[in-house]
Each structure stands twice: as structure tokens, then as C-alpha cells.
Protein chains: 4
Amino acid sequence: MQPTEHWVEELLKLNDQEEKMTDKQMRIIQSAVEIFSEKGYAASSTSEIAQKAGVAEGTIFRHYKTKKDLLLSIVAPIMSKLIGPFIIRDFTKVIDAPYTTYEDFLRAIIRNRLDYARSNLPVLKILMQEIPFQEDLKKQFKELATKQVVSRIIKVVELYQQKGTVITVPPLSIIRFMISVIFGFVMTLLIILPEAEWDENEEIELTIQMIMHGIAHPASDPA
Amino acid sequence: MQPTEHWVEELLKLNDQEEKMTDKQMRIIQSAVEIFSEKGYAASSTSEIAQKAGVAEGTIFRHYKTKKDLLLSIVAPIMSKLIGPFIIRDFTKVIDAPYTTYEDFLRAIIRNRLDYARSNLPVLKILMQEIPFQEDLKKQFKELATKQVVSRIIKVVELYQQKGTVITVPPLSIIRFMISVIFGFVMTLLIILPEAEWDENEEIELTIQMIMHGIAHPASDPA
Amino acid sequence: MQPTEHWVEELLKLNDQEEKMTDKQMRIIQSAVEIFSEKGYAASSTSEIAQKAGVAEGTIFRHYKTKKDLLLSIVAPIMSKLIGPFIIRDFTKVIDAPYTTYEDFLRAIIRNRLDYARSNLPVLKILMQEIPFQEDLKKQFKELATKQVVSRIIKVVELYQQKGTVITVPPLSIIRFMISVIFGFVMTLLIILPEAEWDENEEIELTIQMIMHGIAHPASDPA
Amino acid sequence: MQPTEHWVEELLKLNDQEEKMTDKQMRIIQSAVEIFSEKGYAASSTSEIAQKAGVAEGTIFRHYKTKKDLLLSIVAPIMSKLIGPFIIRDFTKVIDAPYTTYEDFLRAIIRNRLDYARSNLPVLKILMQEIPFQEDLKKQFKELATKQVVSRIIKVVELYQQKGTVITVPPLSIIRFMISVIFGFVMTLLIILPEAEWDENEEIELTIQMIMHGIAHPASDPA
DNA sequence: AATGAATGAGGCTTCATTCAT
DNA sequence: AATGAATGAAGCCTCATTCAT
């Protein structure tokens with residue numbers, strides 16, 4: 001097993017407040033994340049997790065009542081971070097600054113999401129795989145996505161629409177468009193073509209440009 | 001079990017050329033697709049599939065050597081259609097027509113992909129779920145995606161770049177951008193918010209507009 | 001394993017009407033009865049049963065969904081016989097005969113119950129052990145006991161009370177008394193002191209006498 | 001957990017002489033009795049007992065080497081009381097009194113056993129359940145039953161046979177008869193139909209009457 | 001081709017018991 | 001004395017797969 005990974009710290013941050021995690025518990029979580037993300041939840045066996053963690057199989061069940069409990073304890077806390085208050089503080093500040101452009105806003109989101117995804121890749125893979133099958137996760141996800149993410153971004157979009165920076169089409173369509181592009185960007189960089197050598201910053205700027213101005217050549221664009 | 005679904009016909013088209021499918025075989029495939037897409041491949045049991053199909057447990061293994069064989073027989077043929085020569089014939093024609101705009105091209109792709117996805121939703125769900133875990137699928141997917149899709153679209157993009165319609169940035173970035181938006185659009189319509197009442201055509205036009213011109217208000221746009 | 005036992009035939013009689021039992025299924029039942037009655041249901045393991053029956057453990061679960069199912073399939077059908085229509089036909093005849101004495105009635109019951117218990121000893125042991133813990137059994141038992149046994153005996157008792165043969169105290173108390181004595185008699189013979197050499201017929205007659213006239217010496221009995 | 005029950009005091013009486021019981025030990029015993037009697041020994045888990053007692057899992061094993069040890073420590077001491085010297089002292093006195101009738105003797109026994117059973121119901125349930133499966137218990141039980149109970153009652157019976165009060169049949173048969181009736185009486189009152197509203201004293205007198213004179217109507221009784 | 005009983009490996013989970021603290 | 005984390009054997013059950021019919 002590799003040395004403690006970044007997402008382990010993330011999980012610890014979330015849990016430490018409530019209870020201390022023992023060393024073994026940490027190793028269980030770490031192994032579970034690796035194996036779940038590699039083979040999928042249903043195809044992973046608790047015995048394999050125990051073995052990789054170097055604990056007895058029974059030990060897993062002392063800490064997590066069921067295998068599904070183990071899954072949720074990994075995936076549920078990450079969800080709030082994934083979706084939740086992404087740098088809301090900096091975020092709001094940025095928006096309030098009078099000279100902040102919409103491009104800056106996009107740049108901040110993309111950077112933030114990219115860094116976050118990079119640090120939590122295995123857990124995010126698990127989450128994406130399991131959301132369709134775990135009713136609890138699906139529900140939680142939808143709620144967070146609606147109440148936390150969309151509702152907040154809507155305000156930003158509307159703000160810039162009022163400022164005259166953004167076209168006045170339904171904000172939801174704009175958000176769908178933005179999220180698609182950003183999600184596709186992150187996926188491509190980290191999962192689909194991770195081995196390709198991207199000039200990350202350049203791609204970010206290009207992406208921002210395409211979100212803002214599309215791919216039509218200005219000269220040919222009478223609109 | 002519902003009456004024969006659309007994707008069954010699709011599968012039949014692909015297989016009929018090689019062998020005739022018996023009635024039972026068809027029922028097996030149909031049940032398998034439904035169950036796999038509902039619970040995921042690993043969490044589905046062959047006995048449940050047999051039961052739903054109304055055949056004996058052993059019958060499945062007379063037609064498909066293993067459970068994985070059954071999966072591949074469902075998912076592999078669809079891949080060529082999914083990714084492959086999407087109406088390339090009509091496609092090329094369209095492009096060649098001198099008055100065809102890039103917007104028309106986008107419109108054709110979006111419509112085609114949306115219709116295709118709608119008709120094959122369960123199988124596509126399975127495919128998306130299993131690609132990360134089945135090495136064969138992943139490889140096949142990457143190859144098809146590169147050789148069939150990207151390489152063809154690149155030509156179109158380059159063509160329009162030469163025409164001066166599309167900005168001259170790396171075509172791959174443009175394609176990533178386009179695919180992200182289209183994929184996000186289809187997913188939203190069919191999976192994420194299927195119950196929402198979309199004005200489909202309007203959303204398509206809006207999407208095309210955003211791909212072409214972005215979301216920046218023209219007035220505010222000095223570039 | 002011993003050759004097919006009597007209670008196996010009993011079980012078969014009850015089940016054959018519905019479905020044929022395979023050879024393996026019979027061996028499973030036989031082993032289960034032996035092991036359950038020897039160590040108790042909760043302390044018996046399905047693997048031990050499978051081993052004794054000479055089948056794979058999985059085979060048990062092809063025929064009985066759960067371990068408890070196996071228990072019930074053994075114990076539930078016996079209950080109707082145990083409690084149910086004990087030779088009701090002969091029974092009613094006997095009673096109707098004008099010259100039948102109450103002693104004859106007792107003699108018939110005792111003989112019948114003793115023979116029945118002797119033939120089904122292991123299953124009856126299991127039943128007695130599990131009734132307190134299996135809610136379904138307890139309920140079924142109470143219902144059968146009340147509706148089938150008590151209600152029928154009550155009629156007989158009342159008949160003989162009218163005839164002036166039996167004292168006119170609450171029939172329920174008489175029945176409790178009779179059942180206690182008979183149950184205690186059977187238990188002693190078959191379970192508590194099976195190795196003692198009883199002169200069975202003599203003990204039966206003695207028991208009938210005590211039920212009818214008690215243990216007080218007539219001479220000393222002014223009542 | 002309810003306040004200390006009667007049978008706890010009983011157990012304490014028996015153990016105090018040897019060692020002092022700590023508070024935790026008492027709570028362990030109390031919980032064990034409740035759980036054993038509710039689900040049966042084999043189906044009860046030490047961890048549940050620990051939890052109900054409010055002690056750590058390990059604590060049980062500090063006081064009782066094994067789970068079976070715990071069972072025996074509950075059930076073995078009760079056995080001497082159950083079976084043993086049931087108020088033998090008063091008992092002998094009673095008998096010796098010249099005017100004591102056999103009915104008084106029966107009345108004393110029934111009352112005593114009923115009260116005793118009522119006070120120790122849970123432990124007695126455990127005992128009855130486990131005697132068939134625990135060889136040590138079975139042996140101890142048989143020995144006590146023979147040496148303490150039967151041998152003593154035999155003397156009483158023989159005494160009254162000499163007095164001419166009791167019929168001269170084998171004392172063992174009389175004892176079996178008596179014990180059956182008394183046991184059945186207590187079981188019915190406390191376990192089989194506890195919710196029925198019995199007039200206890202009346203039932204006792206009726207039971208004594210039936211033991212002494214049976215259920216035959218005197219008039220019809222030429223013997 | 002089809003069946004479905006049979007298999008046995010492996011899955012998740014429970015449990016009595018131990019031991020370092 | 002007490003704790004409770006840890007163990008690993010064992011328990012019940014599921015499942016993909018085989019094979020005689």
C-alpha cells in the first residue's frame with residue numbers, strides 16, 4: 001500500500017471532528033477506496049479489503065456494520081465537499097469585487113474543481129459509479145446539487161446577466177452548458193486521457209474562451 | 001416483460017448477420033439488459049435473468065459461455081453504433097453541400113445522438129458503467145473513439161477552420177468542448193432530469209448557439 | 001446414517017401429495033431431523049447437515065430457502081398430525097358405540113399417542129424445543145390445540161358428564177388433568193426413563209385407573 | 001433493565017456463601033437470564049448480554065471462562081433448589097403430624113412448587129430448555145431427581161399406603177402420576193395459558209381432588 | 001436445444017474469546 | 001478489575017457454472 005493519500009486526509013478532516021480514527025480503521029478505509037475504485041463496489045470483496053489493509057476480516061465489521069456502511073462512510077462525506085460549498089468564501093468575495101470579470105469567475109471554478117478532483121480521484125470514481133445504484137446517494141446528490149450548487153451559481157449568472165456581461169437566456173441552460181464543459185474538461189484531463197501531456201493552463205484559458213465566445217470565428221459571425 | 005424494445009431490434013440487426021437468434025435467446029438478452037442496467041453487471045445474477053426471461057438457468061450458458069460473455073454480447077456490438085460511423089454517409093453528404101453551415105452540422109449530430117441515446121438508453125447505461133472495469137471494453141472504446149469519431153470530426157473541424165467559420169485553435173480542444181456539451185446535453189435530458197419538461201428543439205438551438213458563440217453578451221465583447 | 005426411519009415416511013406422506021421428493025432432499029431432511037433433535041436447532045449447522053446427508057451445502061438451500069425454512073418444513077407438517085385429528089374417525093365411532101366406556105376412550109387415546117410419539121420421537125423433540133422460540137409455531141400450535149384438540153375432547157367429556165360417568169367440574173380442568181397425565185406418561189416412557197423396563201400395558205391400565213379413580217384408597221374415602 | 005428480580009436474589013443466596021458478587025457480575029447474570037430465557041442459550045450472544053448489562057464484552061469472560069460457564073453458573077445452582085430439599089423441614093413436620101392428611105401433603109407441595117416456579121420462571125425455562133443438550137445438566141438432574149425427590153416422596157407414599165389412605169400400587173407409578181399432574185398444572189398456569197384468569201385456589205383444590213379420586217362420578221363407580 | 005438439480009467456492013456477517021492497556 | 005479493539009473460525013447463504021436427462 002502506498003503512503004497515506006491525499007483523500008485519506010480529506011476523509012479524516014471530515015470524521016475527526018466526531019471521533020478519532022484508529023490506525024487500523026484508516027488502513028481499512030484506504031484499502032476499501034483503492035479496491036472499490038478499481039473494481040467497483042459490487043465486485044469488491046470484504047476479504048480482499050481486509051487482506052490489503054492487513055487486518056482480520058472481522059475487524060472491518062467492528063467498525064462498519066455492513067459492507068454498504070463502509071461504502072457510505074467513504075462516499076457520503078465526500079459528497080458535501082464535492083458539490084457543496086466550493087470555496088464559497090473566496091467565491092463570494094471574488095464576485096463582489098467590482099472589477100471581477102466572469103472569466104475570473106470561471107477560472108476560479110475550473111481551477112478549484114480540477115484541483116479538488118485531482119486530489120480525490122479514487123473516491124470520486126466510486127461516487128460516480130455508485131450514485132445510480134444507491135438510492136440514498138442519488139437522493140442526497142440531487143438535493144445537494146440543486147440546493148447548493150445550482151441555486152448559488154444561478155445568482156452569479158443572473159448578476160452578470162444584469163451587468164450585461166452574459167446573454168439573457170434561461171440561466172439553467174447556461175449552467176448546464178458550463179457544467180458540461182467543465183466536467184468534460186476535468187474528466188478528459190484526469191480520466192479519459194490522463195497520459196496525454198496537456199498544457200493545463202493553456203487548456204483552461206482555451207476552455208474559458210470557448211465558454212465565453214464559442215468556437216465561431218468572429219469575422220464570420222454577423223450576430 | 002414489456003414487448004420487444006427498440007434496442008433489441010438494434011442488437012438483432014447486428015447479430016442477425018452472423019447467426020439467427022432464437023426466441024429464448026432474445027428473451028435472455030432482453031432480461032439481461034433490463035437487469036444489468038438496473039442493478040449493475042456485478043450485482044445482477046444469472047438466475048434472476050433466467051427467471052425474468054422465463055428460461056432455465058442452464059439455458060443462458062448454452063448460448064453464452066460465461067456471464068461476462070453475456071455482457072459483452074450486449075455491450076460490444078452497441079459500441080460500434082454508439083461511437084462508430086454515426087450516419088457517416090448522410091453525414092459526409094451534408095458536409096459536402098456547399099451551403100451547409102457548421103450549425104447544421106452540429107444540429108445533425110445532436111439530433112442523431114439524442115435519438116440514438118433515447119432508443120438505446122438501457123444498453124448505454126450498462127456500457128458507461130462497465131467501460132471502466134472491463135479492460136476489453138475500455139480498449140475497444142478508446143480505439144473506436146480515436147479512429148472513428150475523433151479522426152473524422154477533426155476533418156470536419158479543419159474544413160470549417162479553413163473556411164474561416166471556426167476559430168483556429170487545436171481541433172482536439174474544440175472537439176473535447178463540443179463532445180462535452182453534447183454529452184452533457186443528452187445526459188441531462190435523458191438521465192439527470194428526465195422528468196423536467198424540456199422544449200427539446202429550443203434547447204437544441206440554444207445549445208448550438210452557445211457552442212458557436214458562447215455565453216458572453218456580444219455588446220460587452222470587445223474581442 | 002441409519003436406514004430410512006419411520007418419521008421420514010410420515011413426512012413423505014404429508015409432502016408427497018404436493019411434490020415428489022428427490023433422494024437428496026430426503027437425505028437432507030433425515031440428517032436435519034437427526035442433528036436438530038440431537039443438538040437443537042440453533043446449535044446445528046447447515047454444513048454439518050449437508051455433510052451427514054452427503055450433499056453439498058448449497059444443495060440444502062436449493063430446496064429450502066433458509067435454515068429456518070428447513071426447520072419449518074420438518075416441524076410444521078408434523079404438528080397437524082401431532083395435535084390434529086388423532087384417529088378422529090375411529091374415535092368418533094368408539095364414542096358413538098353405546099357400550100363404550102370412558103376407560104375405553106382413554107385407552108384409545110393413550111395407545112394412539114404413545115404409538116405416534118414413539119414413531120416420531122426425534123421430530124417431536126425438535127417441535128417441543130422450538131415452539132417457545134418460533135413465533136409461527138407457537139401460534140399454529142395454540143390454534144390447533146384449541147380448535148382441534150380441546151374443542152373435540154370437550155364434547156366427549158361433556159357427553160360422559162351427561163351420562164353421569166364423569167364428575168361435573170369444568171371440562172377444561174378435566175382436560176388439563178388428563179393431558180397432563182397422558183403427556184407425563186408418554187414422556188416418562190420414551191424420554192425420561194426409556195431404559196427402564198416398563199410393562200407397558202400394565203402401566204397403561206394403571207394410568208387409566210388413576211385418571212378415573214385417583215390414588216385414594218376406596219375404603220378410606222368417605223366422599 | 002428492570003429492578004432486581006426475585007430469582008436474582010435466589011441466585012445470590014446460593015453464591016454468596018462462596019464469593020461476593022460485584023454489581024457488574026449481578027447485572028451480567030441478570031441480563032444473561034433474560035436473554036437466554038427469551039431466545040435460548042445457543043441463539044443468545046455474549047455481546048448482547050454485555051450490552052444489556054452495561055459492561056464491556058470482555059468483562060463477562062473475566063468472571064466466566066466461557067459462555068457455557070455462564071449458563072451453568074445460572075442453571076446449576078437453581079437445580080438443587082428446583083428439585084432438591086423442597087421445604088423438606090416443614091415437610092417432614094407436616095407429615096409427622098398425626099392428623100395430616102394426604103390432601104394436605106399435596107396441597108403443600110403444589111403451593112410450594114407453584115410459588116417457586118412463579119418466582120424463578122425465567123431460570124426454569126432456561127433449565128428446561130438446556131437439560132436435553134447439556135450432558136452435565138442432564139446427569140445432575142437425574143441424580144437429584146432420583147436421590148432427592150423420588151426417594152423422599154416414595155417414603156411418604158409408602159407411609160400413607162401403610163396407613164391405608166393410598167392405594168397399594170407401585171409407588172413409582174403413583175409418583176409419576178402425581179408429578180405429571182402437578183407439573184402440568186404449574187405449566188398451564190404460568191406458561192401455556194398465563195393470560196387466562198384462573199381462580200388459583202379453586203384449581204388447586206380441584207387438582208387435589210382429581211389426584212385423590214379421579215374424574216369418575218362416584219355414583220357410577222362400583223369399584 | 002433445453003432443463004434444473006447439483007455443486008463448491010466464495011461472499012458477507014456473527015461470535016466467543018483474547019490481550020494490551 | 002475492567003475495557004473494547006482485534007481476531008479468525010465458523011455460520012448462513014448466493015452464485016456462476018456443469019451435467020445427466
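Note that these values count all heavy atoms, side chains included, but never hydrogens, waters or copies made by symmetry. Source: prediction; values computed, not measured. Labels below follow one simple rule: chain letters A, B, ... track the order of the sequence lines, proteins then strands, and each chain is numbered from 1.
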Once you round to the nearest 0.5 Å, how far does NZ of C/Lys52 lie from CD of C/Glu38? 5.5 Å
How long is the straight-line distance from CG of A/Leu70 back to OG1 of A/Thr46, given to the nearest 0.5 Å? 9.0 Å
Could you tell me the separation between the CD1 atom of A/Ile28 and the C1' atom of E/dT13, rounded to a whole number of Å? 14 Å
Assuming nearest nucleotide by heavy-atom distance, tell me which of D/Lys24 and A/Lys24 is located more 5' along DNA chain F. D/Lys24
Has D/Lys139 got more than 12 heavy atoms of other residues, nucleotides or ligands less than 6.0 Å from its NZ? no
Reported CZ-to-CD1 distance for the pair C/Arg27 and C/Ile49, which is rounded to 0.5 angstrom: 14.0 Å
In whole angstrom, give the distance that lies between atom CD of A/Gln51 and atom P of F/dA6. 18 Å
A/Ile60 CD1 to E/dT14 C1', straight-line distance once rounded to whole Å: 14 Å
Roughly how far apart are B/Gln134 CD and B/Gln140 CD, rounded to 0.5 Å? 12.0 Å
Whole-Å gap separating C1' (F/dG4) and NE2 (A/His63): 10 Å
Under a 3.5 Å cutoff on both atom distances, Watson-Crick or G-U, what's the dot-bracket for DNA chain E ([ ] crossing, | other strand)? .||||||||||||||||||||
In B/S/- notation, 5' to 3', how is nucleotides 12-19 of chain F contacted by protein heavy atoms closer than 4.0 Å? BBBSBBB-
Cation-aromatic face contact B/Lys67/B/Tyr41, 6.0 Å, 45 degrees: yes
Could you state the CG-P distance from A/Asp23 to E/dA20, rounded to the nearest angstrom? 17 Å
dist C/Glu57:CD -> C/Glu48:CD (nearest 0.5 Å) comes out at 11.0 Å
Rounded to the Å, how far apart are A/Arg27 CZ and F/dA5 P? 16 Å
Value rounded to 0.5 Å, distance of CG in B/Asn120 from CD1 in B/Ile78: 5.0 Å
Going by the rule salt bridge (charged side-chain N to carboxylate O under 4.0 Å, His left out), which residues pair with D/Lys65 if we only count those two or more places apart in sequence or in a different chain? none
Euclidean distance, atom CD1 of residue D/Ile49 to atom P of F/dT3 [Å, nearest integer]: 16 Å
Rounding to an integer number of Å, can you tell me how far A/Met26 CE sits from F/dA6 P? 13 Å
